[in-house]
There are 2 protein chains.
Amino acid sequence: MDKGKDVTIYDLAEKLNISVATVSRALKDDPVVSKKTKKKIFELAEEMGYRSNNFARNLRTQRTNTIGAILPRLNSYFMSTVIAGIEHVANSQGYNLIISQSSESGEKEQQCARTMFNNRVDGLLVSLAYDTDTIRHFDSFLKKDIPVLFFDRCAEHDQITSVLIDNRKAAYEATKHLIAQGCRRIVHITAHTSRNVYTERLAGYRQALEENQLPFDGSLIIRNNLSQEAGYEAAKDILAMPRLPDGVFVANDNCAVSCMLALKKQGVSIPADMAFVGFNNDPVSMVIEPNLTTINYPGYEMGEVAARYLISHLMGGAPMTATNTVLLRSELIIRDSSLRNP
Amino acid sequence: MDKGKDVTIYDLAEKLNISVATVSRALKDDPVVSKKTKKKIFELAEEMGYRSNNFARNLRTQRTNTIGAILPRLNSYFMSTVIAGIEHVANSQGYNLIISQSSESGEKEQQCARTMFNNRVDGLLVSLAYDTDTIRHFDSFLKKDIPVLFFDRCAEHDQITSVLIDNRKAAYEATKHLIAQGCRRIVHITAHTSRNVYTERLAGYRQALEENQLPFDGSLIIRNNLSQEAGYEAAKDILAMPRLPDGVFVANDNCAVSCMLALKKQGVSIPADMAFVGFNNDPVSMVIEPNLTTINYPGYEMGEVAARYLISHLMGGAPMTATNTVLLRSELIIRDSSLRNP
DNA sequence: CAGCGTCATGTAACCGATTGCAGTAATATG
DNA sequence: CATATTACTGCAATCGGTTACATGACGCTG
């Protein structure tokens with residue numbers, strides 16, 4: 001138990017006068033080692049404070065027991081909830097988790113991917129950045145049969161499974177709800193990007209309009225980065241419209257909330273003048289007054305599902321290519337911000 | 001460039017008819033290798049897509065280039081902001097970051113510590129769980145001279161540096177502000193724990209009362225877990241008090257906000273009947289109406305400082321024992337929830 | 001008792017880097 | 001020209017496990 005030095009299987013073997021091979025096997029609970037010997041070894045290991053050296057093992061086995069996660073940002077409610085879910089599963093399955101953020105930059109994302117690759121993660125979970133326009137930086141993984149899985153912000157790839165919700169359907173229902181509440185001019189605030197989640201939401205919005213014989217009007221689409229500041233700006237844009245809209249569907253709660261605050265300050269009454277629907281069910285949606293109608297979006301569960309899926313594959317489950325997409329349930333939560341016919 | 005196999009320094013050495021030792025040195029840019037040889041090696045490495053094997057290196061050098069972080073939870077605004085800061089610094093310094101969460105449980109925290117220890121992190125960043133009552137689980141690190149650093153939720157230890165704000169002073173100023181606004185019966189909502197951040201805030205609260213000749217009344221202290229739900233409960237407790245308070249100082253914005261919502265629903269006017277001050281400057285403090293006065297608490301910066309501090313030590317900077325505590329600046333941000341004399 | 005299978009253990013190569021020490025050739029010095 | 005110095009480069013041990021293959025002991029069968 002002296003200070004600097006670690007106990008190795010060689011120390012154990014020597015002390016017990018057996019070979020390191022037996023010690024190694026015993027510690028893995030290999031059934032080929034006799035119970036008696038195992039017991040001796042476990043006891044001594046405990047006593048001497050043995051801990052296995054992962055590097056030696058990784059070096060030999062060419063596996064790392066580590067999964068990597070690349071996220072657009074860490075400090076958003078949704079993403080941190082997803083991470084919590086990922087961490088929970090990874091940890092309970094004995095996997096380490098290394099995390100890095102792309103800060104919504106495609107370039108940084110490539111760099112993160114390189115780092116993950118060099119660290120030889122066994123598998124990779126990715127949610128794409130706003131401005132990622134190619135996913136070739138994951139080819140090196142696929143070429144080595146390292147599984148890659150997208151969640152939430154996904155792209156099409158026949159070797160990469162995606163875990164997400166049906167964004168189109170969710171947006172369709174959100175918009176339909178607004179229409180049912182009597183809205184006829186509905187603004188849609190979305191991101192300035194072609195990321196799936198936003199194009200799908202836009203598509204759902206259009207679909208709902210069409211099905212209700214409402215015209216699609218490009219001037220009602222506001223594109224920004226969905227940040228809090230962008231919400232204030234969007235409010236200005238809305239107020240500057242020649243004819244005010246009577247409904248707003250925002251692709252993100254955060255932005256919806258700040259937009260509502262700004263509009264309220266200018267005397268707009270919500271939902272009477274303008275009904276609002278957001279997306280994400282961020283806790284802030286329950287704080288804003290009136291409470292924000294939104295799409296409940298299971299972040300924690302998404303993290304869990306993605307991690308579980310990846311790990312079960314790593315442990316020798318079904319090949320990833322079998323499944324292309326895993327859809328999680330989402331739901332519209334109706335609150336006061338959109339209720340005009342109580 | 002064939003599918004499965006990685007390129008090693010042996011491949012490079014063989015191809016160039018030189019020894020692996022020279023290749024190894026060249027790749028580290030060791031000045032002892034001639035420029036000409038280096039050039040050849042770098043070019044071939046590039047051409048063959050060589051990437052170094054960290055495990056082999058770690059095994060040999062007994063270092064991992066990885067720092068670990070143990071946090072009470074990942075999915076809170078404050079914590080995810082801190083992580084973002086840590087990740088930023090770690091990544092820019094070429095360190096990997098592995099993360100796990102204690103879920104506010106002391107037991108789970110010990111388990112996380114063991115995992116980190118087994119993964120041989122070079123250094124450890126920790127924010128303690130609510131119910132951690134001993135920090136002996138970090139002894140194994142210290143015994144091996146692996147630096148440990150606490151941030152935010154800290155404990156006293158002569159080998160562990162802490163990075164935090166002056167909680168007492170912040171709470172003192174928050175309370176003083178309430179008193180200056182005419183509050184005389186001030187409730188303090190805090191956590192049910194002896195974690196430093198909460199005891200210090202309580203101490204600051206008491207100090208402000210004393211300096212203003214206000215009596216400390218234990219029945220005005222509400223203890224819970226500071227969650228959103230706890231905020232609703234706290235509102236009930238407040239309304240059940242024989243004499244209503246005229247000010248509330250909450251140790252966390254989240255809880256403050258839900259408490260305010262519940263009180264408003266019961267007809268309490270804020271700040272006229274009851275002035276509110278929170279803690280953290282969570283974005284939600286700008287959404288609640290009236291906007292919440294709070295302590296601005298630099299999470300991102302705290303993460304950066306903690307990580308930078310740890311890494312500079314790992315890179316051979318000053319010994320950690322030299323510094324005991326790093327205090328970050330915090331400030332009271334006054335908003336409408338507490339302004340009674342405009 | 002020879003022959004065989006079974007069970008438990010040992011031997012030694014291997015994973016891919018790092019590095020102390022030694023060796024050699026080229027250059028400088030006396 | 002002999003010797004000292006410098007500048008590179010190579011040899012080989014090492015880090016701590018894993019695992020294919022070999023070995024030895026034992027009991028069982030015919």
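Reminder, nothing fancy here: chain letters follow the sequence lines and each chain counts from 1.
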Exercise. What residues in residues 112-124 of chain B put a non-hydrogen atom under 4.0 Å from any atom of DNA chain D?
Worked result: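 By residue number: none to list.
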
Exercise. Charged N to carboxylate O below 4.0 Å: is that the case for A/E104 and A/R153?
Worked result: yes

Exercise. Along nucleotides 5-12 of chain D, 5' to 3', which nucleotides get a B, which get an S, and which get a -, given that the test is a protein heavy-atom distance under 4.0 Å?
Worked result: ---SBBB-

Exercise. Looking across every strand, which nucleic acid part, if any, lies under 4.0 Å from B/T8 by heavy atom: base, sugar-phosphate, or nothing?
Worked result: sugar-phosphate

Exercise. With a 4.0 Å cut-off on heavy atoms, is A/R63 in touch with a base, just the backbone sugar-phosphate, or nothing at all?
Worked result: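 Answer is nothing: A/R63 stays at 4.0 Å or more from every strand.
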
If the cut-off is 4.0 Å, is [X] near the phosphate of [N], judged by side-chain N/O to OP1 or OP2?
X	N	answer
A/K28	D/dT19	yes
A/S52	D/dG17	no
A/Y10	D/dT18	no
A/R60	C/dC14	no
A/Q62	C/dG16	yes

Give a yes or no on whether the ring-centroid distance for [X] and [Y] is below 6.0 angstrom.
X	Y	answer
B/F150	B/F138	yes
A/Y300	A/F78	no
A/Y77	B/Y77	no

Exercise. If you look only at pairs with a residue in residues 49-63 of chain B, which of them pass as a salt bridge (charged side-chain N to carboxylate O under 4.0 Å, His left out), with sequence neighbours excluded?
Worked result: B/D6-B/R51, B/R63-B/D122

For this session: Would you indicate whether B/H88, at its atom NE2, is surrounded by more than 12 heavy atoms from other residues, nucleotides or ligands within a distance under 6.0 Å?
Result: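 No, because the 6.0 Å sphere around NE2 of B/H88 holds 12 heavy atoms or fewer from other groups.
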
Exercise. Crowded around A/E107 CD? As in, over 12 foreign heavy atoms under 6.0 Å?
Worked result: no

For this session: Can you tell me the distance, in whole Å, between the CG atom of A/D11 and the P atom of D/dG16?
Result: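 Taking CG of A/D11 and P of D/dG16, I get 8 Å after rounding.
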
Exercise. Looking at side-chain heavy atoms only, is the closest gap between B/S34 and B/T37 below 4.5 Å?
Worked result: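 Contact flag for B/S34/B/T37 side chains = yes.
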
Exercise. Are any of the side-chain heavy atoms of A/L97 and A/T66 separated by less than 4.5 Å?
Worked result: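 SC-SC contact between A/L97 and A/T66 ruled out.
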
